[in-house]
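All values below come from the heavy atoms of this structure, side chains included, with hydrogens, waters and symmetry mates left out.
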Amino acid sequence: QVQLVESGGGSVQAGGSLRLSCAVSGIPYSSYCMGWFRQAPGKEREGVAVIETGTGNTFYGDSMKGRFTISQDNAKNPLYLQMNTLKPEDTAMYYCAADYPPCTRAWWARGDLRSTDFPYWGQGTQVTVSS
């Protein structure tokens, strides 16, 4: 059974940084796809970043490029999201997501990340950025 548990959220002032973690268990493959999404109150879930653990390839949502970094040292380690230069509009619940091989990888052709690309989800961790 796939389990994803996020941590590291909190409150920070604009311009600050946070690092989110996602503990991963139950995926019976050494290579898979992991993503971060976020959802603010009253808004749709938004794709933040994805990493294809076998190749290390990463894909980012347009508004996160240059400020956020997704990483995972290897398949047995947590997934991370380093968030720098945070803005009040980054305030949201942040979710970790996973997919088994073959991952859809449709983000490359579409140019965006969608929550429907991932069947497994964590419960989320709240990030609040104050101005």
Side-chain angles (χ1 to χ4, degrees):
Q1 182 179 359
V2 177
Q3 290 192 325
L4 307 174
V5 180
E6 303 94 335
S7 61
S11 297
V12 64
Q13 290 192 327
S17 299
L18 281 174
R19 189 177 77 158
L20 306 184
S21 299
C22 175
V24 183
S25 63
I27 297 181
Y29 296 93
S30 58
S31 299
Y32 45 88
C33 296
M34 296 290 300
W36 285 101
F37 287 75
R38 68 184 186 184
Q39 189 166 18
K43 294 188 177 181
E44 293 186 354
R45 194 163 293 192
E46 178 185 22
V48 175
V50 66
I51 186 167
E52 300 169 2
T53 66
T55 60
N57 290 335
T58 57
F59 185 95
Y60 291 89
D62 286 342
S63 63
M64 296 72 171
K65 290 178 182 177
R67 298 191 299 127
F68 292 5
T69 303
I70 188 172
S71 64
Q72 185 183 37
D73 291 340
N74 60 60
K76 300 301 183 184
N77 282 354
L79 176 73
Y80 297 106
L81 182 69
Q82 178 67 43
M83 305 186 294
N84 298 327
T85 319
L86 284 162
K87 306 174 182 179
E89 51 264 42
D90 293 319
T91 295
M93 185 72 77
Y94 283 72
Y95 297 91
C96 173
D99 190 17
Y100 281 4
C103 306
T104 175
R105 304 180 74 245
W107 42 85
W108 296 112
R110 286 195 315 253
D112 64 17
L113 297 171
R114 299 179 186 175
S115 58
T116 50
D117 293 333
F118 293 86
Y120 303 102
W121 292 84
Q123 295 301 306
T125 185
Q126 177 68 38
V127 171
T128 302
V129 184
S130 58
S131 57

Query raised in the report: Rounded to the nearest 0.5 Å, how far does SG of Cys33 lie from CZ of Arg105?
Result: 7.0 Å
Report task. Rounded to the nearest 0.5 Å, what's the gap from CD on Gln123 to OG on Ser7? Could you check? Result -> 13.5 Å
Query raised in the report: Hey, are the side chains of Leu113 and Tyr60 touching, using non-hydrogen atoms and a 4.5 Å cut-off?
Result: no
Requested in this report: Group every Ile, Leu, Val, Met, Phe, Trp and Tyr by side-chain heavy-atom contacts under 4.5 Å, then state whether Ile51 and Tyr29 land in the same group.
Outcome: yes
Report task. Check whether any side-chain heavy atom of Val127 lies under 4.5 Å from a side-chain heavy atom of Arg38, and answer yes or no. Result -> no
Query raised in the report: Same cluster or not: are Trp121 and Leu81 linked, directly or through other Ile, Leu, Val, Met, Phe, Trp or Tyr residues, by side-chain heavy atoms under 4.5 angstrom apart?
Result: no
Query - ILVMFWY cluster, Leu20 and Val50 together (side-chain gap under 4.5 Å) - result: no
Query raised in the report: Under 4.5 Å between side-chain heavy atoms, hopping through other hydrophobics if needed: is there a path connecting Tyr95 to Val2?
Result: no
Report summary line: When rounded to the nearest 0.5 Å, the distance separating OG of Ser131 from NZ of Lys87 is 14.0 Å
Report task. Check the hydrophobic clustering (I, L, V, M, F, W, Y; side-chain heavy atoms under 4.5 Å; chains of links allowed) and say if Phe37 and Ile27 are grouped together. Result -> no
Query raised in the report: If we only count heavy atoms from C-beta on, is the Met34 to Thr53 side-chain gap below 4.5 Å?
Result: yes
Requested in this report: Find out whether Tyr32 and Asp99 are in side-chain contact, i.e. whether some heavy atom of one side chain is under 4.5 Å from a heavy atom of the other.
Outcome: no
Query raised in the report: Taking the side chain from Glu6 and the backbone from Gly124, do they hold a donor-acceptor pair closer than 3.5 Å?
Result: yes
Requested in this report: Would you please classify the geometry between the Trp107 ring and the Phe118 ring as parallel, tilted or perpendicular, with 30° and 60° separating the classes?
Outcome: parallel
Report summary line: Closest non-hydrogen atoms of Leu4 and Cys22, given as atom of the first, atom of the second and distance, are CB-SG, 3.9 Å
Requested in this report: Using modelled atom types only, decide if a donor and an acceptor are shared between the side chain of Thr91 and the backbone of Val129 within a distance under 3.5 Å.
Outcome: yes
**Report entry** Sub-4.5 Å side-chain heavy-atom contact between Ser115 and Gln39
**Finding:** no
Query - Value rounded to 0.5 Å, distance of CG in Asp117 from SG in Cys103 - result: 9.5 Å
Query raised in the report: Of all heavy-atom pairs between Gln126 and Ala92, which one has the smallest distance, and what is that distance?
Result: NE2-O, 3.4 Å
Query raised in the report: What are the two closest non-hydrogen atoms of Ser17 and Gln82, and how far apart are they?
Result: CB-NE2, 3.9 Å
Requested in this report: Using the side chain to side chain contact (heavy atoms under 4.5 Å, CB included) rule, take Arg67 and Asp90 through it: C-alpha gap first, then chi angles, then the decisive distance, then the call.
Outcome: CA-CA 11 Å; Arg67 298 191 299 127; Asp90 293 319; 2.7 Å; yes
Query raised in the report: Do the side chain of Arg114 and the main chain of Thr116 share a donor and acceptor less than 3.5 angstrom apart?
Result: no
Query raised in the report: Which heavy atom in Ser31 sits nearest to a heavy atom in Pro101, and how many Å separate them?
Result: O-CG, 3.0 Å
Query raised in the report: Is the ring centre of Tyr94 less than 6.0 Å from the ring centre of Trp36?
Result: no
